[in-house]
Every structure is written in C-alpha cells, then in structure tokens.
Asks: 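Below you'll find the structure I mean.
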Amino acid sequence: MEKNIKYKKLPRSWYERPLLEVARDSIGKLFIYNSPQGQIITKIVEVEAYHMIGDPACHAHRGKTSRNYVMFGEGGHLYVYFIYGMYYCMNIVVEKEGVAAAVLIRALEPISGLELIRKNRPNKKDRELLNGPGKVCSGLGITKKHNGLDLTSEIIFLAESKNILTNQEIISTTRIGISQAKDLPWRFYEKNSIWVSKP
DNA sequence: TGAATGATGCGCT
DNA sequence: GCGCATCATTCAT
C-alpha cells in the first residue's frame, strides 16, 4: 500500500508504556484503516483508559476470560467487544503481555474516506458520524472479526500527526457510561474539538 | 435542549 | 436473571 508511506506508523514500543501515558498521547494521533472497500484516515480526539488493577469498571478487573483475553496480550493490538446487544466498541491494547490495559476509542475526526464512512452510517450529519464508541465502529465497519488485530500491521495502525497537541489542549475528565470507579479522571479529549461525543 | 425509553444479545453471578 | 465502556427516537419543557 504505497499510500501509507507518508505516514509514520507507531511502533510496538509506543503501546507498551504505562496506560495513562499512552491514553493522553493517543489524542491527536492518526488512526488509519485500510478496509476492503478503501482507505479511511481519521484523527483520535477522545479516549478512555481502563486497567485491570484498581479499576472495577475494566472488563479485565476480574481476570482473564474468553471475551477479554486480548487485553492480556502484548500492547499494540485491537480489543473489540460487543455491547448492549447491537454495538461494538474498540480499544487499543496497552502495556506489556500479562498486564491487561486498554484505551477505548470514543470519538474520531474524519479526515479522508468520508464517502465510505457516510455509506456505513446513512443519513447522518458529518458531526454525528464518529462521535461515540459505537458510532466509531459502525462508521469504520469494525466488528468482532477485528478483535485481536495487530496495530503494527499494514491493515490498521496509528501514525504520528503533523500538528502535535500540547498538554493544554488535552482535557482529562471522568469516564462516561459506567457505574463503577466513576471518579477516576481517565477520559481524555481534544479541547475545542467539534468531533468529541460530549464536550 | 434535555430527560426518558426501547432495542437487543451476551457474559457473568 | 441482571447489567452492560450505547444510540436513536420520543416526549416534555
């Protein structure tokens, strides 16, 4: 895929760092998916962090299961799960093998491949295309088939963006839609972005 | 413009 | 059974 040559793919070592560092650093990174229908390029504008230790809201908090085992593997893979009977959510697996931690992608800013995303989410305004974790997977066509995919592959990966955000441009608040560990400020999003799920 | 609600299936107690 | 890292729609202000 020659198109990708201009993008600097993030290496395994970028993912195998402490959870909150990766979560914060992920804001502003490019998320690139070479789908069977064509290339989609987006920018990460909102995420949440989840960790097996000290975080009861994390799927891995009670140990490894057939659903969450990908989180226990090496960093730099995709963890996709099915929720509420009809939606998928996708996470970036973080930290070393044996430590279950992940960054939930909550919102993306579409950059290219808009026709494809619109096709996946008919009759939606552009701002409604990818502003929520379920919408992100629906818009990109991510399903459980993508669970465990290697993010250092050519199919799907993160890349450095031209404009790097400063710490001031990244807001940290409490997570959305959970009933446990509500007080942890583990949600990160780009300040002033119109593409986030909830400002 | 915000609150309430139904859809819908899987994993865990 | 119950709860769930959600979303779109409906209904009330």
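Labels below follow one simple rule: chain letters A, B, ... track the order of the sequence lines, proteins then strands, and each chain is numbered from 1. Just so we're clear, the structure is a prediction, and the values are computed from it rather than from any experiment. Every heavy atom of this structure was used, including side-chain atoms; hydrogens, water molecules and symmetry mates were not.
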Asks: Expected output is a numbered-order residue list: members of residues 115-128 of chain A with a heavy atom under 4.0 Å from any atom of DNA chain C. What is it?
Replies: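 Those residues whose heavy atoms fall under 4.0 Å from DNA chain C, taken from residues 115-128 of chain A in numerical order, are A:Arg121, A:Lys124.
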Asks: Would you say that A:Met90 contacts A:His146 through its side chain, given a criterion of any heavy-atom pair below 4.5 Å between the two side chains?
Replies: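 Contact flag for A:Met90/A:His146 side chains = no.
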Asks: If I take atom CD in residue A:Glu46 and atom P in nucleotide C:dA5, what distance separates them, rounded to the nearest angstrom?
Replies: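 Distance, rounded to whole Å: 16 Å.
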Asks: Test of understanding: clusters of I, L, V, M, F, W, Y form through side-chain heavy atoms closer than 4.5 Å, transitively. Do A:Val196 and A:Ile178 belong to the same one?
Replies: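 Different hydrophobic clusters.
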Asks: May I have the list of side-chain donor-acceptor pairs in residues 95-117 of chain A shorter than 3.5 Å, sequence neighbours left out?
Replies:
unit_1   : atom_1 : unit_2   : atom_2 : d
A:Glu95  : OE2    : A:Leu19  : N      : 2.7
A:Arg106 : NE     : A:Glu46  : OE2    : 2.8
A:Arg106 : NH2    : A:Ser197 : OG     : 3.2

Asks: Side chain of A:Tyr79: nearest nucleotide among B:dT13, C:dA5, B:dT8?
Replies: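 Among B:dT13, C:dA5, B:dT8, the one nearest the side chain of A:Tyr79 is C:dA5.
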Asks: Are A:Leu149 and A:His77 close enough that some pair of their side-chain heavy atoms sits under 4.5 Å apart?
Replies: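 Of all side-chain heavy-atom pairs linking A:His77 with A:Leu149, none is under 4.5 Å.
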Asks: Look for any protein N or O under 3.5 Å of an N or O in nucleotides 2-4 of chain C and output each such pair with its distance, or none.
Replies:
unit_1 : atom_1 : unit_2   : atom_2 : d
C:dC4  : OP1    : A:Ser179 : OG     : 2.6

Asks: Kindly state which residues belonging to residues 133-141 of chain A come within less than 4.0 angstrom of DNA chain C, counting heavy atoms of the residue only, listed by number.
Replies: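 Here the set is A:Pro133, A:Gly134, A:Lys135.
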Asks: Which of residues 183-199 of chain A have a heavy atom under 4.0 Å from DNA chain C?
Replies: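 Nucleic-acid contacts, sorted: none.
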Asks: According to the Watson-Crick and G-U wobble definition with distances under 3.5 Å, which dot-bracket string, read 5' to 3', encodes DNA chain B, using [ ] for crossing pairs and | for pairs with another strand?
Replies: |||||||.||||.
Asks: Whole-Å distance between B:dG9 C1' and A:Tyr81 OH?
Replies: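 Rounding to the nearest Å, OH of A:Tyr81 and C1' of B:dG9 are 15 Å apart.
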Asks: Does OP1 or OP2 of B:dC12 have a side-chain N or O of A:Arg67 closer than 4.0 Å?
Replies: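 It does not, given that no N or O in the side chain of A:Arg67 lies less than 4.0 Å from OP1 or OP2 of B:dC12.
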Asks: Would you tell me if any nitrogen or oxygen in the side chain of A:Thr65 comes within less than 4.0 Å of OP1 or OP2 on B:dC12?
Replies: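 A:Thr65 to B:dC12 OP1/OP2: side-chain N or O found under 4.0 Å.
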Asks: Can you tell me if A:Arg127 has over 12 outside heavy atoms packed within less than 6.0 Å of its CZ?
Replies: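 No, because the 6.0 Å sphere around CZ of A:Arg127 holds 12 heavy atoms or fewer from other groups.
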Asks: State, yes or no, whether a side-chain contact exists between A:Phe31 and A:Val136 at a heavy-atom distance under 4.5 Å.
Replies: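 A:Phe31 vs A:Val136: side chains apart.
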Asks: In this structure, how many angstroms lie between the P atom of C:dA5 and the CE atom of A:Met71, rounded?
Replies: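 Result: 12 Å.
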Asks: Same cluster for A:Val94 and A:Ile156 if Ile/Leu/Val/Met/Phe/Trp/Tyr side chains link at under 4.5 Å?
Replies: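 Same cluster: A:Val94 reaches A:Ile156 through Ile, Leu, Val, Met, Phe, Trp or Tyr contacts under 4.5 Å.
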Asks: More than 12 non-hydrogen atoms from neighbouring residues, nucleotides or ligands closer than 6.0 Å to CZ on A:Arg62, yes or no?
Replies: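 No - once you tally the heavy atoms of other residues, nucleotides and ligands closer than 6.0 Å, there are 12 at most.
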Asks: Taking the six-membered ring of A:Phe157, is NZ or CZ of A:Lys9 closer than 6.0 Å to its centre and within 45° of its axis?
Replies: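 Relative to the ring axis of A:Phe157, which defines the angle, A:Lys9 lies inside both limits.
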Asks: Looking at C:dC7, B:dT13, C:dA5, which one has an atom nearest to any side-chain atom of A:Ile178?
Replies: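 Nucleotide nearest to A:Ile178's side chain: C:dA5.
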Asks: Output the rounded distance in Å from CD1 (A:Ile105) to P (C:dA5).
Replies: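 Distance, rounded to whole Å: 17 Å.
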Asks: If the plane angle is over 60° it's perpendicular, under 30° parallel, otherwise tilted; pick one for A:Tyr81 and A:His59.
Replies: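 Rings of A:Tyr81 and A:His59: perpendicular, as their planes differ by over 60°.
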Asks: Looking only at side-chain N and O atoms, does A:Glu169 offer a donor or acceptor that is under 3.5 Å from a partner on A:Thr166?
Replies: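 A pair is found: one side chain offers a donor N or O, the other an acceptor, under 3.5 Å apart.
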Asks: Between the side chains of A:Asn68 and A:Lys64, is a donor N or O closer than 3.5 angstrom to an acceptor N or O?
Replies: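 No, no side-chain donor-acceptor contact under 3.5 Å.
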Asks: Do A:Arg187 side-chain atoms and A:Ile176 backbone N/O form a donor-acceptor pair below 3.5 Å?
Replies: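 No.
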Asks: Donor-acceptor pair, distance only, cut-off 3.5 Å: does the side chain of A:Asn91 make one with the backbone of A:Val93?
Replies: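 The answer is no, because no donor-acceptor pair under 3.5 Å joins these two groups.
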Asks: Could you check whether any side-chain heavy atom of A:Met71 comes within less than 4.5 Å of a side-chain heavy atom of A:Met52, counting everything from C-beta outward?
Replies: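 The answer is no, as the side chains (C-beta and beyond) never meet within the 4.5 Å cut-off.
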Asks: Does the side-chain hydrogen bond (donor to acceptor under 3.5 Å, both in side chains) test come out yes or no for A:Asn167 and A:Arg24, once each step is laid out?
Replies: CA-CA 9 Å; A:Asn167 261 0; A:Arg24 178 174 282 268; 3.3 Å; yes
Asks: Rounded to whole Å, please give me the gap between NZ in A:Lys144 and C1' in B:dG9.
Replies: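 Atom NZ in A:Lys144 sits about 10 Å away from atom C1' in B:dG9.
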Asks: How close or far is atom P of C:dT6 from atom CE of A:Met86, stated in whole angstroms?
Replies: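 It is 13 Å, rounded to the nearest whole Å.
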